[in-house]
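For this chain, numbers begin at 1 and follow the sequence in order.
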Amino acid sequence: MMLRNALRGCLRLHGVRALSTAAPPPCEELIREKLVKGLTVREIAVADMSGGCGAMFQIHVVAEEFAGKRTLAQHKMVKELLKEEVANMHGLTLKTNAPS
């Protein structure tokens with residue numbers, strides 16, 4: 001039952017409403033693409049910590065836009081870019097930095 005709910009969460013994350021033979025796009029790559037499009041990224045690491053269902057992620061981003069901003073403001077920027085994905089996650093670990 002838990003596995004079925006986790007799978008449904010991952011499928012909802014990608015806009016899939018019913019099970020099909022086509023696999024949803026990789027969650028990690030989708031997140032990476034959105035962050036690269038929305039920020040001037042110097043470094044990025046995205047890891048699905050949930051075993052592949054897209055329910056828990058660890059993200060590390062180094063971006064120009066973070067310069068002079070506190071950690072909370074940096075995290076809000078990331079969460080705003082990923083608001084659709086975050087809504088379907090059970091857990092998210094963020095580490096953000098400005099380039100040194």
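Residue Ile31 is grouped with residue Val41 when hydrophobic side chains (ILVMFWY) are merged at heavy-atom distances under 4.5 angstrom, including chains of intermediate members. Val46 and Leu39 fall within the same hydrophobic cluster, where Ile, Leu, Val, Met, Phe, Trp and Tyr residues are linked whenever their side-chain heavy atoms come under 4.5 Å apart, directly or through other members. Cluster membership check: Val36 shares its hydrophobic cluster with Met77, using side-chain heavy-atom separations under 4.5 Å among Ile, Leu, Val, Met, Phe, Trp and Tyr.
Looking at heavy atoms from C-beta onward, Thr93 lies out of side-chain contact with Met56 at the 4.5 angstrom threshold. Residues Lys76 and Glu80 fail the side-chain proximity criterion, which asks for heavy atoms closer than 4.5 Å. Side-chain contact check for Leu30 versus Glu84: every heavy-atom pair is 4.5 Å or farther apart. Under the 4.5 Å side-chain criterion, counting only non-hydrogen atoms from C-beta, Asn97 is not in contact with Glu43.
Once rounded to the nearest 0.5 Å, the distance linking NE2 of His60 with OG1 of Thr96 reads 7.5 Å. Remark: Leu92 CG to His75 NE2 distance equals 8.5 Å, nearest 0.5 Å. To the nearest 0.5 Å, the span separating CE on Met49 from CE on Met89 amounts to 13.0 Å.
Here the closest non-hydrogen pair linking Leu81 and Lys34 is O-CD, 3.9 Å. Heavy atoms only, all atoms of each residue included: Ala63 and Pro99 are closest at O-CD, 3.2 Å. Nearest heavy atoms, Ser50 versus Ala55: OG-N, 3.3 Å.
Counting only N and O atoms by type, the side chains of Glu64 and Thr40 include no donor and acceptor under 3.5 Å apart.
Of the possible donor and acceptor atoms, one in the side chain of Glu28 sits under 3.5 Å from a partner among the backbone N and O of Asp48. A distance-only check finds a donor-acceptor pair linking the side chain of Gln74 to the backbone of Phe66 [under 3.5 Å].
Of the candidates Ile44, Val61, Ile59, Ile44 is the only one forming a side-chain contact (heavy atoms from CB on, under 4.5 Å) with Arg32.
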